[in-house]
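Structure, as C-alpha cells:
Quick note: numbers below take in every heavy atom, side chains included, and nothing from hydrogens, waters or symmetry partners. All values reported here derive from a predicted model rather than from experimental measurement.
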Amino acid sequence: MDRAGLITLEQARAAGLSFTEPEPRACPHCGAALEPLGAALAGKVVWVSAAPCPCEGAVREREADERRVANLAAKEEAARREKVLSRAGIPRRYWAAEADRPEFAEYIASFAGNGGAGLYIHGGVGAGKTYAASAMARLFAEAGYEVAFTTAKGMLERVKATFDEGGTEAAVARFAKCDVLVLDDLGKEDATEWSVGTVFSVLDARYEDMRPTIVTSNYAPGALADRLARRGERVTAEAIASRISQICRLVYLGGRDRRRRS
C-alpha cells in the first residue's frame with residue numbers, strides 16, 4: 001500500500017486485481033517516468049495519481065504548494081479570529097494582550113469549575129486593568145465561550161438606544177445571559193437611578209445564573225458604592241457593591257501607570 005491507501009502497479013499485479021494498463025506519466029520538471037498510483041474499487045483498480053518525483057524542481061513545486069496552503073489556512077484562521085474577537089467587543093488594541101499575572105493565570109485555570117466566580121480588578125489610571133480584562137476575554141472568546149466586552153457606559157448606551165425600538169429586554173439579555181461578561185470602567189458612567197438600577201439588574205441576573213463577570217474599576221468596592229450613590233441611589237449602589245463582593249475575587253493592580261513602564 002502507498003500514500004492514503006493507494007496501491008502501485010506492482011502491488012495491483014501481486015494482488016491479482018483487475019485493471020487496465022495506466023497511461024504513462026512523466027515529471028514535467030525532469031521528464032522521469034512517474035509510478036502510477038491507484039485505488040481499488042470493487043476489485044478493480046482505478047488509476048488516480050502518481051508517486052511524487054524526487055527531483056529538485058518537483059520538490060520546489062511541492063514546497064511552494066505547501067506554503068500556499070499554509071498561508072491560506074493562516075489567513076482563514078486570522079479572519080475567523082478577527083470575527084470572534086470583534087463580535088465579543090474586545091478592543092483591537094488588546095487583541096494580543098496576555099494574562100501576565102499569577103492571579104489571572106490561576107483564574108483561567110480554575111474557570112471551568114469555579115461556580116460562576118468572577119473578578120473585580122481595581123487600581124489607578126493606567127495600571128493595566130483593561131489590558132488584563134481584555135487578555136482574559138480574548139482567551140475565553142477563542143476557547144468558544146460567548147463573551148461580551150463593554151464599558152459600563154457603553155452597555156448603558158446600548159440598552160438606552162433600544163428604548164424606541166422595543167428591544168430593551170433583548171439588549172439587557174445580551175449582557176445578562178452571555179457566558180462571560182467583561183464590564184470595564186465601572187464607576188465612570190452617569191449615576192442616575194436608571195443606570196444604577198440597570199447595572200444591578202445585569203449583575204444580579206448573572207449572580208442568580210452563576211455566570212462569571214469580570215469587572216474593572218478605578219474604585220475599590222467600598223469606594224465604588226460611594227461613587228455610584230453620588231446622586232442619592234445609596235441602596236442600589238450598595239447592592240451592586242455587595243453583589244460584586246459575592247461573585248468576584250478582588251485583584252488590586254496598584255496605581256503605577258503600566259503604559260509608562262519601561
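- Residues Val45 and Leu34 do not share a hydrophobic cluster, defined by chaining ILVMFWY side chains whose heavy atoms lie under 4.5 Å apart.
- Residues passing the side chain to side chain contact (heavy atoms under 4.5 Å, CB included) test with Glu56, sequence neighbours excluded: Arg60.
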Item to check | CA sep, side-chain torsions, deciding dist, call: Arg13, Glu21, salt bridge (charged side-chain N to carboxylate O under 4.0 Å, His left out) | outcome: CA-CA 11 Å; Arg13 287 173 175 158; Glu21 287 294 323; 3.5 Å; yes

For residues 146-159, run the donor-acceptor check on the side chains, cut-off 3.5 Å, and write out each pair with its distance to 0.1 Å, sequence neighbours left out.
residue, atom, partner, partner atom, Å
Thr150, OG1, Met155, N, 3.1
Thr151, OG1, Gly154, N, 2.8

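- Glu103 is not listed as a side-chain neighbour of Leu119, based on a closest heavy-atom distance of 4.5 Å or more.
- Using the six-membered ring where Trp is involved, Tyr107 and Phe140 have ring planes that are perpendicular, over 60° apart on the 30 and 60° scheme.
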Checklist entry - When you look at Arg243 and Thr213, which way does the side chain to side chain contact (heavy atoms under 4.5 Å, CB included) test go after all the steps? => result CA-CA 11 Å; Arg243 276 290 178 264; Thr213 305; over 6 Å; no

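- When all heavy atoms of Leu250 and Pro221 are compared, the closest pair comes out as CD2-CG, 3.8 Å.
- Look at Arg231 and Glu189 and you find no salt bridge, because none of the NZ, NE, NH1 or NH2 atoms lies under 4.0 Å from a carboxylate O.
- Residue pairs that meet the salt bridge (charged side-chain N to carboxylate O under 4.0 Å, His left out) test with at least one member in residues 118-139, sequence neighbours left out, are Glu98-Arg138, Arg138-Glu142.
- Side-chain N or O atoms of Arg87 include none that pairs as donor or acceptor with a backbone N or O of Ala141 at under 3.5 Å.
- You'll find the side chain of Tyr219 stays beyond 4.5 Å of the side chain of Leu228, heavy atoms only.
- Atom CD of Gln246 sits in a crowded spot, with more than 12 heavy atoms from other residues, nucleotides or ligands closer than 6.0 Å.
- A salt bridge between Glu66 and Arg62 is absent, with no side-chain N of the basic residue lying under 4.0 Å from a carboxylate O of the acidic one.
- At a threshold of 4.5 Å between non-hydrogen side-chain atoms, the residues Leu183 and Phe175 do not count as touching.
- Side chains of Asp184 and Thr130: a donor-acceptor N/O pair is present below 3.5 angstrom, by distance only.
- Around atom CD of Glu23, no more than 12 heavy atoms belonging to other residues, nucleotides or ligands sit under 6.0 Å away.
- Taking the side-chain hydrogen bond (donor to acceptor under 3.5 Å, both in side chains) definition, one finds that Tyr207 meets it with nothing, sequence neighbours left out.
- Partners of Phe19 by ring pair (Phe, Tyr, Trp, His ring centres under 6.0 Å), not counting sequence neighbours, listed by chain and number: Trp47.
- No side-chain heavy atom of Leu181 sits less than 4.5 Å from a side-chain heavy atom of Arg211.
- Residues meeting the ring pair (Phe, Tyr, Trp, His ring centres under 6.0 Å) test with Trp194, sequence neighbours left out: Phe163.
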